[in-house]
Amino acid sequence: MAQVFPKSSNTLSKASIVVAGIVLGAVGLATININRTTYVTTQSMPIEQVVQFTHTHHVGSLGLDCRFCHTAVEESSYAGIPPSKTCMGCHSVVWKDAPILEPVRESFRNDTSVEWIKVHDLPEFVYFNHSIHVNKGIGCESCHGRVDQMPLMMRQNSLNMEWCLACHRAPEQFLRPKDQIYTMGWDPEKALGMTQAELGAKLKLENNVQSRTNCATCHR
Amino acid sequence: MKLHHAAFVALLALGVASCRQDMHDQPKHKPFTRSALFKDQRSARPLVPGTVARGQLMEDEHLYLGKVDGKPAETFPAALADAFGGGGEWQQRMLARGRDRFQIQCTPCHGSVGDGNGMIVQRGMKRPPSYHIDRLQKSPPGYFFDVITNGFGAMIDQKDRVKVEDRWAIVAYIRALQLSQNATVADVPAEHRDELDHPKPRTEGQTPETQHGR
């Protein structure tokens with residue numbers, strides 16, 4: 001009986017092992033890296049809301065403190081989205097007939113909710129608490145970026161787990177004095193003449209900031 | 001044939017990578033989550049009218065309403081000493097807290113020194129009166145507390161946003177502002193008078209341009 005396979009299939013079968021390895025590796029790498037692309041994380045993509053609220057104006061040019069609206073950030077896991085009453089505090093007088101603000105006025109009149117789209121939407125198997133971060137010395141800017149320069153709110157960072165861990169492993173990279181948490185564009189070199197490394201090491205000791213990388217810190 | 005398989009596996013990987021699983025969006029309520037159950041679609045429910053939580057009866061009219069015998073209180077409530085940690089320095093702590101809260105919640109309209117020239121006023125808000133006019137200089141603390149709690153004129157009430165103790169702390173800071181804006185050289189302790197002409201450099205690491213983004 002003649003051979004079923006020609007002699008060249010020896011070479012082909014050996015080569016296919018190598019090729020299969022390369023293909024599997026490439027697929028693996030692609031899978032990991034696709035999750036890091038802005039296409040998947042949607043970071044740096046401004047999100048259209050019912051009302052095109054601008055932080056550039058309210059924070060950047062008016063100089064409102066973050067806590068003027070996000071009142072719960074120091075005490076709660078959630079920073080809090082302000083009720084439309086907070087908006088109406090000014091907008092019952094300023095820009096009171098602007099069409100762009102109609103959803104806010106409607107919400108205030110009828111006691112309904114303005115349907116904001118959550119920009120920093122963590123997966124629900126993650127526990128996150130704002131208060132511990134701001135009280136231990138992490139500024140808003142470290143996670144949310146230069147909010148005062150964002151006409152529409154967007155996600156500055158990926159919120160991927162590796163991004164969380166990069167800071168949880170070494171929080172001193174971002175620690176600030178407690179009176180500068182809500183400042184945008186704070187620079188330790190300009191304000192204190194210290195590098196972040198020097199300041200971070202000092203604040204880490206002073207405020208007893210610890211590296212937290214136990215799974216149960218966030219997945220509880 | 002092999003190429004087809006490779007392409008298929010790569011596509012599958014793409015699909016898997018971008019898919020969101022049920023674990024991401026669990027059928028549970030976190031703050032501000034929409035609820036299909038209630039008519040107003042809010043998962044956070046308001047209290048049933050008349051509900052009193054333990055320890056929140058709010059009997060102390062002086063503390064919670066700023067009134068004594070139905071009139072604006074002339075003094076600060078005694079309960080504040082405990083709220084600000086007691087001891088010899090609770091008043092300093094209250095003032096510091098008051099300054100902090102004042103700068104967050106009040107300066108946009110009332111301005112840093114309480115003269116009513118805040119940024120929002122410069123952008124078209126109705127100008128509030130200065131704290132330093134005669135009428136407000138003579139108003140009792142309970143009056144300021146009542147205005148913060150219930151609003152006044154164009155000012156919306158702040159009771160949802162500023163806690164009771166913080167409102168009193170703000171009142172105390174307004175009192176301090178009133179003192180500071182009407183002070184004379186004689187009010188400065190003799191050993192510090194020289195500093196008026198030779199101010200000390202800032203030491204707290206704050207430069208004007210880095211304060212609260214202003």
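A, B, ... follow the sequence lines: proteins, then strands. Residue 1 opens every chain.
A salt bridge is absent between A/Glu124 and B/Lys28: the closest approach of a Lys/Arg side-chain nitrogen to an acidic carboxylate oxygen does not fall below 4.0 angstrom.
Each of A/Met88, A/His91, A/Glu74, A/Met194 has some count of heavy-atom pairs under 4.5 Å with chain B, and the biggest count is that of A/Glu74. When the candidates B/Gln158, B/Gln41, B/Arg34 are compared by the number of heavy-atom contacts under 4.5 Å with chain A, B/Arg34 comes out ahead. Considering only heavy-atom pairs separated by less than 4.5 Å from chain B, the leading option among A/Ala72, A/Pro177, A/Ser92, A/Gly89 is A/Gly89. Interface check for chain A: of the options B/Lys126, B/Met155, B/Lys30, the most heavy-atom pairs under 4.5 Å are formed by B/Lys30.
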Less than 3.5 Å apart, which donor and acceptor atoms pair up between the side chains of residues 55-64 of chain A and the rest of the protein, not counting sequence neighbours?
residue	atom	partner	partner atom	Å
A/Thr56	OG1	A/Met150	N	3.4
A/Thr56	OG1	A/Met150	O	3.2
A/His57	ND1	A/Ser61	OG	3.4
A/His58	ND1	A/Thr54	O	2.8
A/Ser61	OG	A/His57	O	3.0

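In terms of heavy atoms, B/Trp168 sits closest to B/Gly66 at CZ2-CA, 3.7 Å.
For A/Thr71, the part sitting under 4.5 Å from any heavy atom of chain B is the side chain, from C-beta outward, and nothing else. Contacts between A/Glu75 and chain B at a heavy-atom distance below 4.5 Å involve the side chain alone, from C-beta outward. Residue contact with chain A, scored on non-hydrogen atoms closer than 4.5 Å, is absent for B/Gln122. For chain B, the nearby part of A/Tyr78 is the side chain; its heavy atoms alone come within less than 4.5 Å. Looking at A/Lys118, there are no atoms closer than 4.5 Å to chain B (heavy atoms on both sides), in backbone or side chain. For B/Arg123, the parts lying near chain A are the backbone and the side chain together; criterion is any non-hydrogen pair under 4.5 Å. When heavy atoms are compared at a cutoff of 4.5 Å, B/Lys163 approaches chain A solely by way of its side chain, counted from C-beta outward.
Under the rule for a salt bridge (charged side-chain N to carboxylate O under 4.0 Å, His left out), the partners of B/Arg42 that lie at least two apart in sequence or sit in another chain are A/Asp111. Shown here are the salt bridge (charged side-chain N to carboxylate O under 4.0 Å, His left out) partners of B/Asp197, two or more places apart in sequence or in another chain: there are none.
B/Arg167 is listed as a side-chain neighbour of B/Lys159, based on a closest heavy-atom distance under 4.5 Å.
Side-chain contact, A/Thr41 with A/Ser158: no donor N or O sits under 3.5 Å from an acceptor N or O. In the model, A/Asn110 has no side-chain atom that pairs as donor or acceptor with a side-chain atom of A/Thr112 under 3.5 Å. At a cut-off of 3.5 Å, with distance as the only test, a side-chain donor of B/Asn117 or B/Arg127 sits close to an acceptor on the other residue.
Residue-level contacts of residues 79-90 of chain B with chain A do not occur; threshold 4.5 Å between heavy atoms.
The structure places CZ of A/Phe68 at 5.0 Å from SG of A/Cys90, a figure rounded to the nearest 0.5 Å.
Judged by the 6.0 Å distance and 45° axis criteria, A/Arg67 is positioned over the aromatic ring of A/Tyr182.
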